[in-house]
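Just below is one structure, and these are the notes that go with it.
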Amino acid sequence: MVVVSVPAEVTVILLDIEGTTTPIAFVKDTLFPYIKENVKEYLQTHWDEEECQEDVSLLRKQAEEDAHLDGVVPIPMASGSDLQQMIQAVVDNVYWQMSHDRKTTALKQLQGHMWKAAFTAGRMKAEFFSDVVPAVKRWREAGMKVYIYSSGSVEAQKLLFGHSTEGDILELIDGHFDTKIGHKVESESYRKIADSIGCLTNNILFLTDVTLEASAAEEADVHVAVVVRPGNAGLTDDEKTYYNLITSFSELYLPST
Ligand SMILES: CSCCC(=O)C(=O)COP(=O)(O)O
Ligand SMILES: [Mg+2]
């Protein structure tokens, strides 16, 4: 087994979810299909609620920003539009964004609100790789703080950790970040995360499956390791040479343990 040593200055482990703690297949085959199958009915049922209207406003604003992109579906204003036409426009916009695996805050916020019903009713349980929970417990025992940074909304992250096949493991996580702090491929996001935690960027070790995210974090002086899991996108030879790679969290060696 290859072992990657965690630098002594690291006090915080920052985890990505999809492809890092959780199989991409769970996201692609369970979480995302749930949205596609239920979005129209969800909008029809919840349309008059404030939360749903806030989600639609955010999606409309995003559609305006996306106006230059091929295939984008605009969302008309409520006044003067037929309700069913407007709902269909939101559905089409959500489908369009999901077909491009967009990580916009607007899409992620609606998805989080929709998953809530499924998780809280026990109809869906989040999957974690078997090494994740034991490693997080070990790190915490060694005095590390463990945070999540995912494109999935903080609300959705809490649903996953609160309703998993391993039970409610939310208490293992010290805090959550999503794209409201900035996108994962922008180095400024990692500086803001360090500020928010109250540490230096080089006190953080970020684990992710996406090298663009690893590169942005590294630019901010965050330590990174790229996580290679079954079903993840392949890495180039250069990426394999450049980054510390782990296939399991058990391959991380903490000097203090
Ligand atoms: C609460 S995570 C749900 C999955 C998701 O929507 C997503 O975009 C995952 O992205 P990540 O940044 O964790 O790779
Ligand atoms: Mg990921």
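First listed ligand is number 1; within each ligand, the first listed atom is number 1.
When the heavy-atom distances from atom 3 (C) of ligand 1 to Leu31, Asp16, Thr208 are ranked, the shortest goes to Leu31. Across the listed options Arg102, His183, Gln157, Gln157 owns the non-hydrogen atom lying nearest to atom 1 (C) of ligand 1.
Tyr95 places a side-chain N or O within donor-acceptor distance of the main-chain N or O of Lys36, the cut-off being under 3.5 Å. At least one donor-acceptor pair closer than 3.5 Å links the side chain of Asn203 to the backbone N or O of Glu9. Looking at Gln157, its side chain does come within 3.5 Å of a backbone N or O of Phe177 through a donor-acceptor pair.
For Phe161 and Phe128, the ring centers sit closer than 6.0 Å to each other.
With His113 as the fixed residue, the side-chain hydrogen bond (donor to acceptor under 3.5 Å, both in side chains) test singles out one of His46, Glu49, Glu155: Glu155.
Lys108 NZ, 3.6 Å is the protein heavy atom nearest to atom 5 (C) of ligand 1. Among protein heavy atoms, atom 12 (O) of ligand 1 sits closest to Lys184 NZ, 2.5 Å. What sits closest to atom 4 (C) of ligand 1 on the protein, heavy atoms only, is Val27 CG1, 3.9 Å. Nearest protein heavy-atom neighbour of atom 13 (O) of ligand 1: Ser150 OG, 2.7 Å. Nearest protein heavy-atom neighbour of atom 9 (C) of ligand 1: Glu18 OE1, 3.2 Å.
Under the 4.0 angstrom criterion for non-hydrogen atoms, Phe32 is in contact with ligand 1.
Here the angle at the Mg ion (ligand 2) defined by O in Glu18 and OD1 in Asp16 stands at 110°, rounded to 10 degrees.
At a 4.0 Å heavy-atom cut-off, ligand 1 does not touch Phe161 at all. Heavy atoms of Trp115 found under 4.0 angstrom from ligand 1 belong exclusively to the side chain.
Close N/O approach between Glu213 and ligand 1 is not found [any backbone or side-chain N/O within under 3.5 Å]. Considering backbone and side-chain atoms alike, Ser151 places an N or O below 3.5 Å from some N or O of ligand 1.
Less than 4.0 angstrom separates some heavy atom of Lys103 from each of these atoms of ligand 1: 7 (C), 8 (O), 9 (C), 10 (O).
The cationic group of Lys184 lies under 6.0 Å from the six-membered ring centre of Tyr149 and within 45° of the ring axis, placing it in a cation-pi geometry. Taking the ring centre of Phe249 as origin, the terminal cationic atom of Arg229 falls inside the region bounded by 6.0 Å and 45° from the ring axis.
The Mg ion (ligand 2) sits nearest to atom OD1 when only the N, O or S atoms of Asp209 are considered.
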Fill in: salt bridge (charged side-chain N to carboxylate O under 4.0 Å, His left out) assessment of Glu18 paired with Lys28
CA-CA 9 Å; Glu18 183 185 8; Lys28 296 269 187 295; 3.1 Å; yes
Discussion item. Pair Thr45, Glu41 - check side-chain hydrogen bond (donor to acceptor under 3.5 Å, both in side chains), show working.
Written reply: CA-CA 6 Å; Thr45 311; Glu41 194 197 322; 4.6 Å; no
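Ser153 is linked by a side chain to side chain donor-acceptor pair (under 3.5 Å) to nothing, counting only residues two or more places apart in sequence or in another chain.
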